[in-house]
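For reference, the structure discussed in these notes is given below.
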Amino acid sequence: MVTTEAVSLSRALNEGLRRAMTDDPSVVVMGEDVGMLGGVFRVTDGLQKTFGATRVIDTPLAESGIVGTAIGLALRGYRPVCEIQFDGFVFPAFNQITTQLSRMRTRTRGAVELPVVIRIPFGGGIGAAEHHGESPEAYFTHTAGLRVVTCADPSDAYTMIQQAITCPDPVIFFEPKRRYWDTSVIQRDPVAAVPLEQAEIVRPGTDATLLAYGPMVRVCLEAADAHEDRSLEVVDLRSLNPLDEATVLESVRRTRRCVIVHEASVTGGYGAELAARITETCFRTLVAPPLRVGGFSTPYPPSRLEDHYLPDLDRVLDAVDRTFGGRP
Amino acid sequence: MVTTEAVSLSRALNEGLRRAMTDDPSVVVMGEDVGMLGGVFRVTDGLQKTFGATRVIDTPLAESGIVGTAIGLALRGYRPVCEIQFDGFVFPAFNQITTQLSRMRTRTRGAVELPVVIRIPFGGGIGAAEHHGESPEAYFTHTAGLRVVTCADPSDAYTMIQQAITCPDPVIFFEPKRRYWDTSVIQRDPVAAVPLEQAEIVRPGTDATLLAYGPMVRVCLEAADAHEDRSLEVVDLRSLNPLDEATVLESVRRTRRCVIVHEASVTGGYGAELAARITETCFRTLVAPPLRVGGFSTPYPPSRLEDHYLPDLDRVLDAVDRTFGGRP
Amino acid sequence: MTVGTARGDTPDALGESPTEFVQLLSPDGERIEHPGYELELTAAELTDIYRDLVTIRAMDTEALALARQGELAVWASMHGQEAAQIGSARALAAGDMAFPTYREHGVAWSRGVDPVSILGHFRGAYHSGWDPLRSRVQAYSVVIGSHTLHATGYAMGIQRDGTDDAAIAYFGDGATSAGDVNEAFVFAAAHRAPVVFFCQNNQWAISVPVDRQSTVPLHRRAEGFGFPGVRVDGNDVLACLAVTRKALADARAGRGPTLIEAFTYRMGGHTTTDDPTRYRPAAETEEWRSRDPIERVRRHLTASGIADREFVEDVESRAEAVVVDLRHRIRTLPDPDVAEIWEYAYATGHPRVDTERTEYADYLESFEDGQW
Amino acid sequence: MTVGTARGDTPDALGESPTEFVQLLSPDGERIEHPGYELELTAAELTDIYRDLVTIRAMDTEALALARQGELAVWASMHGQEAAQIGSARALAAGDMAFPTYREHGVAWSRGVDPVSILGHFRGAYHSGWDPLRSRVQAYSVVIGSHTLHATGYAMGIQRDGTDDAAIAYFGDGATSAGDVNEAFVFAAAHRAPVVFFCQNNQWAISVPVDRQSTVPLHRRAEGFGFPGVRVDGNDVLACLAVTRKALADARAGRGPTLIEAFTYRMGGHTTTDDPTRYRPAAETEEWRSRDPIERVRRHLTASGIADREFVEDVESRAEAVVVDLRHRIRTLPDPDVAEIWEYAYATGHPRVDTERTEYADYLESFEDGQW
Ligand SMILES: Cc1ncc(C[n+]2csc(CCOP(=O)(O)OP(=O)(O)O)c2C)c(N)n1
Ligand SMILES: Cc1ncc(C[n+]2csc(CCOP(=O)(O)OP(=O)(O)O)c2C)c(N)n1
Ligand SMILES: [Mg+2]
Ligand SMILES: [Mg+2]
């Protein structure tokens, strides 16, 4: 079913999955509540009805089991797409992801490929309970052998999920939870699709670069719109590992300033890698240090406090101003 | 048993544990093979004989179970010291560490403290099989609520393990596997002990700072000795979270150059956080970007290749020279 | 009174094979004897139980309304599981420690936890609103299964203390698939730890029916780990009390763990954000309504002359009073102070955490100064 | 021939209660019938089995020597477990897939894996030296238990393909405590997946005796998950073959998984870096030596006239030839090229990985240029 009206990010993922399952009978979807319920965010809505219970599998409640059996299915030639219900519940599967999924290719000297996609709704800002609002991406970007990507809008959601599924490497696919219901008209032409590992300059600018991904892209766009004095460029990284260094470094070299924004704790977060890499390569061009805006170095707070913990427009602008030598 | 001759790092840990168990009957040691065998590295050698099987517990083979029951023991007032047999086997316990151990204090608004120590032999260079030579520290330093420390020599091993045990916060205690058999005369005076969260300048210098911890401290000391033209300062971080920013930043501000060395993959490793933080705070003082020397962005290789993967004296010196504007 | 083993459901009722379980009170309120599970309760004890059941049902109903009004972010209803929770919690001694999931409001209430603390969790005011060590019920556990290992470790601590306390871990049917729960079985069996595993099989793990988790009755899982499992009518508060009491007695006597499967039903959605009509037939829920855990106690009390209409009305009006007070207090519950973000992460000083707190306070102040 | 259930050990022998298991060949080489496990083998099949047993024992002995000489970094000996591995692997059809741990050299050998690839793993030349998909035995799995889920998922794939292949997962007694193994039981049962769980209970997980993992026989774990468990004399190659064959037939017929507990013994240390004298009495090992899995086959072959002294000598000299060749090839096994560090991490291009490879090559070259 192809629509021309605006669709939500959740719906775009649903259509992307549907397309992938139609194109390739080896694609199977598995996870908790992905069948009749269609997933708690409805991303797999209706898929079981169309493709049956052997291709859309309601699994027992065990994340290690989900990823572990997905690896087995991939060894048998399938392309499993696993859903982890919420960010905070990926940790029981961490061993399978880190010691098995990410390494099978290296372990077998290329003899075995594991084209497994692990979808994880991530990020906060929806007023949810503990373990339902977190951003664990840095645990995965440090794990060699994994690809880590995230979409920020419905168009990317639609294409990137399909690209992730056809990718021969395992892909951790982060979905910006609080953007599930954002809508836009989606681009369905596969020829026009940006490659999975490429970053995108979603708003050109000249004075400073804002680096973001997933839910923070919109915040950065709003910040760029809001800033009265400076022309801010916003880069949506899209792929965190590999990082599209060419696009990122080109932008930073041009603007000579950058602010990195994510929801995860700043300490040891993905922004640390960005800042370190940018400094290593652009040290002489930079006129200010790369600054990081993100969650604090404490566990994610109860939801009544999350608006403080999460970067917002004001905190981004504050950091931008600091790269220009302090608050105005 | 107190000795005045040189003891190995493994032995120093053993003595530290023995001291802690003698001082406080609530300390229990638990893990796979920690009893009769004394652990695969003999760190718990003889403890079961002295303290009995109720205080030195040979657990079933299940790391989540080890950490999960340790949390329960701590809730009941005990101070468990868990041994994870090798770095690569901590991942089945990752959920318990990340979602439970690190957060119970926050979750209960300070009502519950979990003084649990998790000992993990880490690092490569001993010719071991897959999963036996890795450096997972960055997964833990990004996890708010945990303290992460590592010792580099027998004296620190002896005192730091005792400090970790008395610490009211959960501590991930990394032990540099390939230094277990390094020996030195250990300092046993508790009054002279450096606080757990403090870094130490283990070799003063003026031209560049080498930041290292655990197994790489010795490599950096050797590099400092070997460099013919430059005076290199070596800082042993000891505590990764919290980081002793005061000591680190003071050193880097003084030398204006720094090289960060660890065995873990550079991508998303702890060095990224160090580099980012140093740049944020010392940007105008630095004359060169902080450089990172570490493992590559690929899974740990088979042991016949590990000498290439692991930083050595030459790679450290190469980086030092690059901070001075290229190879000599 | 009839004697023997009751059947929980008939093949046609739920489309599965008949289920044997321990039942002491039939859906009609008839008292049944079950060998090995003798239970003598005074009239006062029975009316207390009834009071608890009615009160938590009222609180649950109120919480659902508060969630609908936006006063709570979400609510996990325990409707249908009152007997399992009140019955088992009543079996606990003062020194025992309970390890609940997010749905054990009846257990928390039984342990004397202020209901505002329970609702405050769902409001997002805090992760946990009570002191777990003082109230002897731990913080609600959200990551399925993890806390069963905590209960087991806690029980290992009891063994080392040499006291006759016990621990009880609550979890659902879905949780039985989790590695942690099975590891808890391994550790508890290896140590003969004084822990009771209380599984509320409410037939559903969100949208997944229990037969996706196991093709055999859940209580049978225990035997292969080396300890007994028993199925109890989870809608029968007396049976839940008796079965838990026996399991706790065994634990205290050094006979190790027991797995109790309380066969019950989740009458509502998984939480207020769930839509159960997407995956389960209304007829199933209706069938279970006829086995209501509160109704049968009322029938029993009335039939045995312990309670009259006046008593029933008194219980209801007192429950209403609790609810009115609760509604008021939750609506006026202040948001936590922003400093709580940093307050509890570490017991000891942490330079980065301290810096962040100060910097953020300065940042917030800069707005109040009108600079922004 | 005697008929009936054999006893694996007597209370005084191992200090535990008698153990019932399926046995088809007594330690004396006497053929026994066991109802449900009929087995007819030709003389050629029997001699083939014997040849395998002797050859892998010789290889194992050689590998121990090579480890002592420093040619291998470490070796995990399978001494004592030959019958369990050869017997079960012989039951596999060509299309079946085996999921081994680090100790399944007999299984790998049975599947036609070049022994140099096995030893190369322990030399540290590579993590895995064979193509798992072509040889139909997966890479050695080191993280205890993880691969049991892979086997289960693979079996779910077989179901989806509609073929009658099966999967077999090997693991030890210690592994039964791991969450992953129990989750594999859950998934396999829920899907009735065609997978056989083959547990070699060699009585020890490094220094931890099996009774720390479970107080009841391990095969009983299965029942509570809804599938059958069976204990077999793991030192009896015929029984291991018959029991595995039946389990595989059940799997192919859609009857779901079976847990097989092969009751056996690890005659050596855990690996060459282990010192078993620290934790277990020599008498125990000696007791088990009298149940040697190879000796009983030799006795049977000799007694039944299938083999004479000449045959036995021929088998030994051929095994020796394999070993001599192996020794030579492992000693001359080249170290892997340094580029392998980056070669296999990703199937597709990865800028950072590519940069590192180039930079490191330049760096190495700078030494060769004599600049350093
Ligand atoms: C490890 C983990 N995975 C997934 C979830 C999401 N989740 C919350 S409740 C639930 C179902 C739980 O079912 P059950 O154990 O039967 O308990 P019930 O909710 O029925 O009381 C799921 C999948 C979670 N909380 N933790
Ligand atoms: C998850 C994990 N934890 C710990 C280890 C370390 N380790 C290697 S083998 C072993 C014992 C395994 O015992 P068992 O399962 O009985 O197999 P066996 O070695 O006896 O064949 C342990 C603890 C590991 N490999 N993986
Ligand atoms: Mg349930
Ligand atoms: Mg074993």
Side-chain angles (χ1 to χ4, degrees), chain B residues 25-26 28 30 54-55 57-78 80 92-93 95-96 98-116 144-147 167-170 195-197 241-246 277, chain C residues 97 99 126-135 138-143 145-161 165 167 169 178-180 182-191 193 195 336 340-355:
Chain B
S26 72
V28 294
M30 56 199 291
T54 54
R55 292 189 64 197
I57 309 169
D58 269 327
T59 64
L61 204 171
E63 283 77 10
S64 193
I66 294 170
V67 176
T69 55
I71 290 171
L73 278 157
L75 288 170
R76 183 75 189 184
Y78 287 85
N95 176 53
Q96 285 288 347
T98 307
T99 72
Q100 306 303 315
L101 182 62
S102 67
R103 304 187 186 200
M104 200 63 89
R105 194 168 197 285
T106 296
R107 183 177 300 150
T108 62
R109 303 173 101 194
V112 168
E113 279 177 359
L114 296 178
V116 175
L146 300 178
R147 288 175 170 268
C167 178
D169 292 317
L196 185 60
E197 57 278 5
N241 191 1
L243 171 69
D244 178 359
E245 292 191 27
R277 226 182 264 189
Chain C
M97 182 64 84
F99 292 77
Y126 31 68
H127 297 312
S128 182
W130 59 86
D131 180 335
L133 300 178
R134 247 186 313 142
S135 59
Q138 291 293 315
Y140 276 4
S141 184
V142 174
V143 182
S146 343
H147 62 298
T148 57
L149 281 164
H150 308 169
T152 303
Y154 187 90
M156 288 164 59
I158 294 172
Q159 291 180 301
R160 277 153 185 78
D161 291 344
D165 299 331
D180 272 9
N182 292 282
E183 291 191 9
F185 292 171
V186 168
F187 277 68
H191 290 277
V195 56
E340 291 212 4
I341 289 178
W342 299 273
E343 187 64 28
Y344 307 115
Y346 294 89
T348 45
H350 186 295
R352 167 73 17 184
V353 169
D354 297 343
T355 305

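When reading the values below, keep in mind they use all heavy atoms of this one structure, side chains included, and skip hydrogens, waters and symmetry mates.
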Which region of [X], side chain (C-beta onward) or backbone (N, CA, C, O), has a non-hydrogen atom less than 4.5 Å from a non-hydrogen atom of chain B, or is it both or neither?
X         : result
Tyr140(C) : backbone
Ala184(C) : neither
Ile158(C) : both
Ala139(C) : side chain
Asp161(C) : both
Glu340(C) : side chain

Taking the side chain as everything from C-beta on, heavy atoms only, tell me whether [X] gets closer than 4.5 Å to [Y].
X         : Y         : value
Thr69(B)  : Glu183(C) : no
Glu245(B) : Pro351(C) : no
Ile57(B)  : His191(C) : yes
Arg160(C) : Arg55(B)  : no
Thr108(B) : Gln138(C) : no
Leu149(C) : Ile71(B)  : no

Chain C contacts, top residue of [options] (heavy-atom pairs, under 4.5 Å):
options                                 : value
Glu113(B), Arg103(B), Arg147(B)         : Arg147(B)
Cys167(B), Ala144(B), Gly110(B)         : Gly110(B)
Asp244(B), Asn95(B), Val67(B)           : Asn95(B)
Pro92(B), Ala70(B), Pro242(B), Ala74(B) : Pro242(B)

Between Ala347(C), Ala155(C), Ser128(C), Gly157(C), who has the most heavy-atom pairs with chain B when the cutoff is under 4.5 Å? Ala347(C)
Look at Thr148(C), Thr355(C), Asp180(C) and state which one has the largest set of heavy-atom pairs under 4.5 Å with chain B. Asp180(C)
If you compare all heavy atoms of [X] against all heavy atoms of [Y], which two are closest, and at what distance to 0.1 Å?
X         : Y         : answer
Ala345(C) : Thr106(B) : CA-OG1, 3.4 Å
Leu133(C) : Leu75(B)  : CD2-O, 3.6 Å
Asn241(B) : Tyr346(C) : ND2-OH, 3.4 Å

Is there a donor-acceptor contact under 3.5 Å linking the side chains of His350(C) and Glu197(B)? no
Can you find a side-chain donor-acceptor pair between Arg76(B) and Tyr154(C) that sits under 3.5 Å? yes
Gap separating the OH atom of Tyr344(C) from the CZ atom of Arg105(B), nearest 0.5 angstrom: 9.0 Å
Roughly how far, to the nearest 0.5 Å, is CZ of Arg352(C) from CG of Leu243(B)? 8.5 Å
Do side-chain atoms of Tyr126(C) reach the backbone of Arg107(B) as a donor and acceptor pair under 3.5 angstrom? no
Can you check whether His147(C)'s main-chain N or O pairs, donor with acceptor, with Gln100(B)'s side chain at less than 3.5 Å? no
Please flag which part of Thr54(B) lies under 4.5 Å from any non-hydrogen atom of chain C: side chain, backbone, both or neither. both
